[in-house]
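These notes are about the structure you will find just below.
These numbers come from the heavy atoms of this one structure, side chains and all, not from hydrogens, waters or symmetry mates. Note that this is a predicted model, so its numbers are computed, not measured. Indexing begins at 1, ligand by ligand and atom by atom, following the structure's order.
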Amino acid sequence: MDQNEMKKAVAAAAAKYVEERLEEKSVIGVGTGSTANYFIECLAPFKNRIHSTVASSEETRRRLMALGIPVFDLNSVDEVTFYIDGADEANAQLHLIKGGGGALTREKIIAAVAKEFVCIADQSKYVPVLGRFPLPVEVIPMARSHVGRAIVKLGGDPVYREGFITDNGNQIIDIHNMHIVDPRELEQQLNQITGVVTNGLFAIRPADLLILGTRDGIRTYTAA
Ligand code: 5RP
């Protein structure tokens, strides 16, 4: 099985998980990225049973609407029943790095609201220590240099993601060369820098369930 086949397999497993638990008023939070896109395709066969979704990016909103699946503003739903999304890295505690696609802020908001956060990923994303993948930080544009200097003081190498604007009109700094031994602590430290909108560590609110695609099949993990 190659990486794309593993992504398709976990997307199908997550769709089955949701379909089996779907109730009339369930709201499905839908993530962003190639694995989430496969998940969206897997919703099509039971789309008539889906009352509402919320989208973590404009791209995801477009994809859901193209299938005729209703997409609501987060402010107009009472709860998010399930949130299904990919990740750039995940550890055994189900702490994640997200935001490779730049949608981290809306993703983190939906994760905060969700009753159950299910992360779907192929085996290349499962790591002992987070930080090999550059950690994205969304910043208010005028604060970019200030935030970059603060990141250097924390021991990271900030790299401006040139030419990229988030759905919220902001910019992204990717932090390279951070060996993240305490993800919760770093998540808090980064969020305290003035001008940071949010960062791509999902440790204070980790995933509840990880569905991992491996060459030997699907594995599921809850936090260790
Ligand atoms: C987007 C994300 C994605 O979940 C993450 O980048 C994984 O993407 P893919 O499924 O394409 O590997 O956080 O902001």
Side-chain angles (χ1 to χ4, degrees), residues 1-15 28-43 53-64 74 80 82-91 94-114 116-127 130-139 159 161 163-176 178 180 183 187 190 196-214 218 221:
M1 236 197 243
D2 69 18
Q3 189 182 27
N4 263 328
E5 286 166 341
M6 288 183 230
K7 289 183 178 190
K8 284 182 192 169
V10 291
I28 307 171
V30 185
T32 297
S34 56
T35 319
N37 289 343
Y38 288 132
F39 172 71
I40 293 169
E41 287 171 17
C42 293
L43 295 177
T53 64
V54 291
S56 66
S57 63
E58 295 306 320
E59 174 67 19
T60 290
R61 180 190 307 277
R62 274 192 292 277
R63 286 174 183 265
L64 288 164
L74 185 62
V80 173
F82 315 97
Y83 176 42
I84 314 296
D85 199 356
D88 299 301
E89 284 186 348
N91 68 15
L94 308 196
H95 300 153
L96 313 173
I97 287 183
K98 290 186 48 52
L104 59 157
T105 299
R106 296 188 188 192
E107 292 173 339
K108 199 175 268 196
I109 294 167
I110 298 179
V113 175
E116 188 174 10
F117 176 12
V118 179
C119 181
I120 50 176
D122 67 87
Q123 64 177 28
S124 71
K125 311 290 184 67
Y126 196 58
V127 296
L130 300 178
R132 200 176 47 193
F133 189 91
L135 171 62
V137 179
E138 180 163 348
V139 296
V159 177
R161 201 183 290 184
F164 186 87
I165 302 290
T166 70
D167 284 344
N168 313 307
N170 297 315
Q171 297 173 341
I172 299 276
I173 293 175
D174 292 302
I175 310 180
H176 291 247
M178 278 296 245
I180 305 174
E187 183 175 356
L190 288 169
V196 167
V197 179
T198 197
N199 68 82
L201 276 171
F202 285 55
I204 294 167
R205 199 293 180 233
D208 299 305
L209 180 68
L210 171 64
I211 305 180
L212 198 71
T214 77
I218 299 283
Y221 297 87

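With sequence neighbours excluded, the residues satisfying side chain to side chain donor-acceptor pair (under 3.5 Å) with Glu138 are Thr105, Thr166, Asn168, Asn170.
Closest to atom 9 (P) of ligand 1, if we only count protein heavy atoms, is Ser34 OG, 3.3 Å. Here the protein heavy atom with the shortest distance to atom 3 (C) of ligand 1 is Thr32 O, 3.2 Å. Distance from atom 1 (C) of ligand 1 to its nearest protein heavy atom, with residue and atom name: Glu107 OE2, 3.1 Å. Scanning the protein for heavy atoms near atom 5 (C) of ligand 1, the closest one is Asp88 OD1, 3.1 Å. Protein heavy atom in closest approach to atom 10 (O) of ligand 1: Thr35 OG1, 2.5 Å. The nearest heavy-atom contact from the protein to atom 12 (O) of ligand 1 is Lys125 NZ, 2.7 Å.
In terms of polar-atom proximity, defined here as any N/O pair under 3.5 Å, Leu104 makes no such contact with ligand 1. Residue Gly99 places at least one N or O, backbone or side chain, under 3.5 Å from an N or O of ligand 1. For ligand 1, the polar-atom distance check against Ala36 finds no nitrogen or oxygen pair separated by under 3.5 Å.
Near Asp85, meaning under 4.0 Å from any of its heavy atoms, are these atoms of ligand 1: 4 (O). Near Lys98, meaning under 4.0 Å from any of its heavy atoms, are these atoms of ligand 1: 2 (C), 3 (C), 4 (O), 13 (O). With ligand atoms numbered from 1 in the order given, ligand 1 contributes 11 (O) to contacts under 4.0 Å with heavy atoms of Gly33. Those atoms of ligand 1 with a heavy atom of Gly101 less than 4.0 angstrom away are 1 (C), 6 (O), 14 (O). Per-residue contacts place Ala103 under 4.0 angstrom from the following atoms of ligand 1 (heavy atoms of the residue considered): 14 (O).
Of the options Asp167, Thr32, Asp85, a side chain to side chain donor-acceptor pair (under 3.5 Å) to Ser56 is made by Thr32 and by none of the others.
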How far apart are the C-alpha atoms of Arg106 and Glu58, what are their side-chain angles, what is the distance that settles it, and do they pass the salt bridge (Lys or Arg N to Asp or Glu O under 4.0 Å) test?
CA-CA 10 Å; Arg106 296 188 188 192; Glu58 295 306 320; 2.8 Å; yes
For residues 4-15, which side-chain N or O atoms pair as donor and acceptor with protein atoms under 3.5 Å away, sequence neighbours left out?
unit_1 : atom_1 : unit_2 : atom_2 : d
Asn4   : OD1    : Tyr38  : OH     : 3.2
Glu5   : OE1    : Asp2   : N      : 2.9
Lys7   : NZ     : Ser34  : OG     : 2.9

